[in-house]
Participant: 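Below you'll find the structure I mean.
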Amino acid sequence: MSFQYHMPVRVIAGADCVWENGALFAPFGARALIVTGRSSAKNGALDDVAAVLRRNGQAFAVYDRVEANPSVATVRECAALARSFGADFIVAAGGGSPMDAAKAVALCARQEVGDIFTHPIGGDVLPMIHIPTTAGTGSEVTQYSVLTDDAAQTKRSIAAPQLFPRLAFLDGKYMATLPQSVTVNTALDALSHAVEGMLSVRAGAFSDALARESLRLLGGEFPALCAGEYAAEDRQTLLQAAALAGMVIANTGTTPVHGMGYSLTYFRGVPHGRANGLLLPAFLEACARRIPQRVREICGAFGADLGEFARRVDVLLGARERCTEAELRDYAARAAKNRNVENCAVRFSEEDLLDVMRRSLGD
Ligand code: NAP
Ligand code: FE
């Protein structure tokens, strides 16, 4: 079977890796814009980045107003700061929201961008260093930036090889303050990436190897996720499992789980990873009817069979959100138009998607 694999991000992992490798920031330029949310001021990430930049004699400005599910307006405001400050590079510290916003800022700071969702992304973007403080999206190793598109009433991604960060630091210590709900939701996002990557038409030997390892690590962390108690090693393992799953989707893309989940986030405010988790068991059950061996392999890598996989996800989710039949029909119709339907090894019709949504969220 032929396949392609590409991963241009230099990844450095381990306790205090930002401080210990601070010299690597120096070649990026004289002026940095730090793109972040509110929590990085409390979890140590902002302090570490600022200390490194000061030690290197690099000037910096901070934009700390990135919201969850970032808007295009936020990207434009932040890009204006990047321009007025004369930033040579961007340091993103935070969850998927600040990391994704930073990628779009890197683009808009350098190019005249009209409609960001249709803009042809050329080569000129600010170079980026990413420091995740959640363990879920893997955005630090992907070329995707997921933004809220209010005109289309959904979340949409922009993607280009130029949007890969150059450098990513994985230090689980920044997650010591992460609330249990965000820890679980983001772990479900990573789980979904690993599973969806193995169900992609673009899955290959290398992405499968990374996905299986991510699933193995996530399966091993299931007891900690249930208990809500994490040693430093658990945090680091979750972070690395999420990055591995990010490397998977960087190569395979996602499937209709993400397509369906976007409506739950946009219309119902369900956090991204939780939205995927809500849909994943019924989606896998539908896939198992068509490609049972592949689904056995996926669940096996997680240390479970399909029933146990679904039970574990259910335990992590707790009480499920419910949607009306009208909502489900609307969301299924929207998901059917998303191009990740064509990216799945099992072809889901709109009716199939509706069936998954009913089983996951129906009254
Ligand atoms: P998030 O929206 O970045 O963060 C969720 C919440 O956790 C925020 O309130 C955030 O606060 C807080 N938080 C972050 N780190 C924390 C820490 N260490 N301690 C305490 N609180 C912390 O959530 P996410 O799940 O990481 O990212 C979701 C976004 O990523 C979605 O927009 C999704 O579509 C996107 N995504 C992107 C990719 C990709 O490949 N690019 C893949 C999957 C998902 P502050 O932000 O205020 O600090
Ligand atoms: Fe995701």
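If you read the sequence from its start, that first residue is 1, and numbering goes on from there. Both ligands and their constituent atoms are indexed starting at 1 by order of listing. Below, all heavy atoms of this structure are taken into account, side chains as well, without hydrogens, waters or symmetry copies. If you're wondering where the values come from, they're calculated on a predicted model, not measured in any experiment.
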Participant: Among all protein heavy atoms, pick out the one at the shortest distance from atom 11 (O) of ligand 1; state its residue, atom name and that distance to 0.1 Å.
Facilitator: Ser39 OG, 3.7 Å
Participant: Could you give the distance from OH (Tyr63) to OG1 (Thr36), rounded to the nearest 0.5 Å?
Facilitator: 11.5 Å
Participant: Using 30° and 60° as the class limits, which term best fits the ring planes of Phe169 and Phe25: parallel, tilted or perpendicular?
Facilitator: parallel
Participant: Give the residue, atom name and distance (to 0.1 Å) of the protein heavy atom nearest atom 24 (P) of ligand 1.
Facilitator: Gly96 N, 3.5 Å
Participant: Using 0.5 Å steps for rounding, measure from the NE2 atom of His258 to the CG atom of Asn338.
Facilitator: 10.5 Å
Participant: Using a strict 4.0 Å threshold on nitrogen-to-oxygen distance, state whether Glu213 and Arg216 make a salt bridge.
Facilitator: yes
Participant: What atoms of ligand 1 come closer than 4.0 angstrom to any heavy atom of Asp189?
Facilitator: 43 (C), 44 (C)
Participant: Using the side-chain hydrogen bond (donor to acceptor under 3.5 Å, both in side chains) rule, take Ser200 and Glu196 through it: C-alpha gap first, then chi angles, then the decisive distance, then the call.
Facilitator: CA-CA 6 Å; Ser200 164; Glu196 291 178 67; over 6 Å; no
Participant: Relative to each other, are the rings of Phe89 and Phe28 parallel, tilted or perpendicular (30° and 60° limits)?
Facilitator: tilted
Participant: Can you tell if the side chain of Lys103 reaches within under 4.5 Å of the side chain of His130, non-hydrogen atoms only?
Facilitator: yes
Participant: Under 3.5 Å, is there a donor-acceptor pair between the side chain of Arg294 and the main chain of Met198?
Facilitator: yes
Participant: Starting from atom 39 (C) of ligand 1, find the nearest protein heavy-atom neighbour and note its residue, name and distance.
Facilitator: Thr142 OG1, 3.6 Å
Participant: With respect to atom 34 (O) of ligand 1, which of His130, Arg65, Lys155 exhibits the smallest heavy-atom separation?
Facilitator: Lys155
Participant: Of the protein's non-hydrogen atoms, which lies at the shortest distance from atom 47 (O) of ligand 1, and what is that distance?
Facilitator: Arg38 N, 2.8 Å
Participant: If I apply the N/O under 3.5 Å rule, does His258 come out as touching ligand 1?
Facilitator: no
Participant: Using a plain distance cutoff, I'd like to know if Ser97 has any nitrogen or oxygen under 3.5 Å from a nitrogen or oxygen of ligand 1.
Facilitator: yes
Participant: May I ask you to identify the nearest protein heavy atom to atom 15 (N) of ligand 1, giving residue, atom name and distance to one decimal place in Å?
Facilitator: Thr133 OG1, 2.8 Å
Participant: Hey, does Pro98 sit under 4.0 Å from ligand 1 if you only count heavy atoms?
Facilitator: yes
Participant: Step by step, work out the salt bridge (Lys or Arg N to Asp or Glu O under 4.0 Å) result for Asp363 and Arg322.
Facilitator: CA-CA 6 Å; Asp363 288 320; Arg322 297 290 169 201; 5.9 Å; no
Participant: Purely on distance, is any nitrogen or oxygen of Tyr144 under 3.5 Å from one on ligand 1?
Facilitator: yes
Participant: Does NZ or CZ of Arg312 lie under 6.0 Å from the centre of the six-membered ring of Phe302, at an angle within 45° of the ring axis?
Facilitator: yes
Participant: Measuring from atom 19 (N) of ligand 1, which candidate in Thr177, Leu188, Thr134 has the nearest non-hydrogen atom?
Facilitator: Thr177
Participant: Taking N or O atoms only and a 3.5 Å limit, does Met175 qualify as a polar contact for ligand 1?
Facilitator: no
Participant: If I compare all heavy atoms of Trp19 with all of Arg55, which pair ends up nearest, and what's the gap?
Facilitator: O-NH2, 2.9 Å
Participant: Among protein heavy atoms, which lies nearest atom 44 (C) of ligand 1, and at what distance?
Facilitator: His272 NE2, 3.2 Å
Participant: Look at Arg359 together with Glu285 and state whether they make a salt bridge at an N to O cut-off of under 4.0 Å.
Facilitator: no
Participant: Val182 heavy atoms, cut-off 4.0 Å: which ligand 1 atoms fall inside?
Facilitator: 7 (O)
Participant: Give the contacting part of Thr186 toward ligand 1: side chain, backbone, both or neither, where contact means a heavy-atom distance below 4.0 Å.
Facilitator: side chain
Participant: Could you tell me the residue and atom name of the protein heavy atom closest to atom 18 (N) of ligand 1, and the distance to it rounded to 0.1 Å?
Facilitator: Tyr174 O, 2.8 Å
Participant: With distance as the sole test, does Ser157 use its side chain to make a donor-acceptor pair with the main-chain N or O of Val146 at under 3.5 Å?
Facilitator: no
Participant: Check each of Asp100, Thr148, Asp64 against atom 35 (C) of ligand 1 and report the one with the nearest heavy atom.
Facilitator: Asp100
Participant: Closest non-hydrogen protein atom to atom 46 (O) of ligand 1, residue and atom name please, with distance?
Facilitator: Gly37 CA, 3.8 Å
Participant: Which atoms from ligand 1 have a heavy atom of Asn69 less than 4.0 Å away?
Facilitator: 31 (C), 32 (O)
Participant: Less than 4.0 angstrom from a charged side-chain N to a carboxylate O is my criterion; do Glu350 and Arg329 meet it?
Facilitator: no
Participant: Might you point out which heavy atoms bring Thr252 and Ser207 nearest each other, and give the distance in Å?
Facilitator: CG2-OG, 3.6 Å
Participant: Does a side-chain N-to-carboxylate-O contact under 4.0 Å join Arg83 and Glu112?
Facilitator: yes
Participant: Begin with the C-alpha distance, continue with both residues' side-chain angles, and end with the deciding distance and a verdict on ring pair (Phe, Tyr, Trp, His ring centres under 6.0 Å) for Phe348 and Phe283.
Facilitator: CA-CA 10 Å; Phe348 280 75; Phe283 181 79; 4.7 Å; yes
Participant: Taking 2.8 Å as the limit, list every protein N, O or S atom around the Fe ion (ligand 2), by chain and residue number.
Facilitator: Asp189 OD1, His193 NE2, His258 NE2, His272 NE2
Participant: Mark whether atom 9 (O) of ligand 1 lies under 4.0 angstrom from at least one protein heavy atom.
Facilitator: no
Participant: Near Val146, which atoms of ligand 1 are under 4.0 Å from a heavy atom of that residue?
Facilitator: 34 (O), 37 (C)
Participant: Give the atom numbers and elements of ligand 1 that come within less than 4.0 Å of a heavy atom of Ala68.
Facilitator: 2 (O)
Participant: Have a look at ligand 1 and work out which part of Leu178, if any, has a heavy atom under 4.0 Å from it: side chain, backbone, both or neither.
Facilitator: both
Participant: So, Asp189 and Thr186: side-chain donor and acceptor under 3.5 Å apart, yes or no?
Facilitator: no
Participant: On a heavy-atom basis, I'd like to know which of Thr137, Leu46, Thr36, Asn185 is closest to atom 42 (C) of ligand 1.
Facilitator: Thr137
Participant: Ignoring hydrogens and angles, state whether a donor on the side chain of Glu221 or Tyr230 is under 3.5 Å from an acceptor on the partner side chain.
Facilitator: no
Participant: Need the ligand 1 atom indices (1-based, order shown) with element for anything under 4.0 Å from a heavy-atom of Ser139.
Facilitator: 39 (C), 41 (N)
Participant: Closer than 4.0 angstrom: is that true for some heavy atom of His193 and an atom of ligand 1?
Facilitator: yes
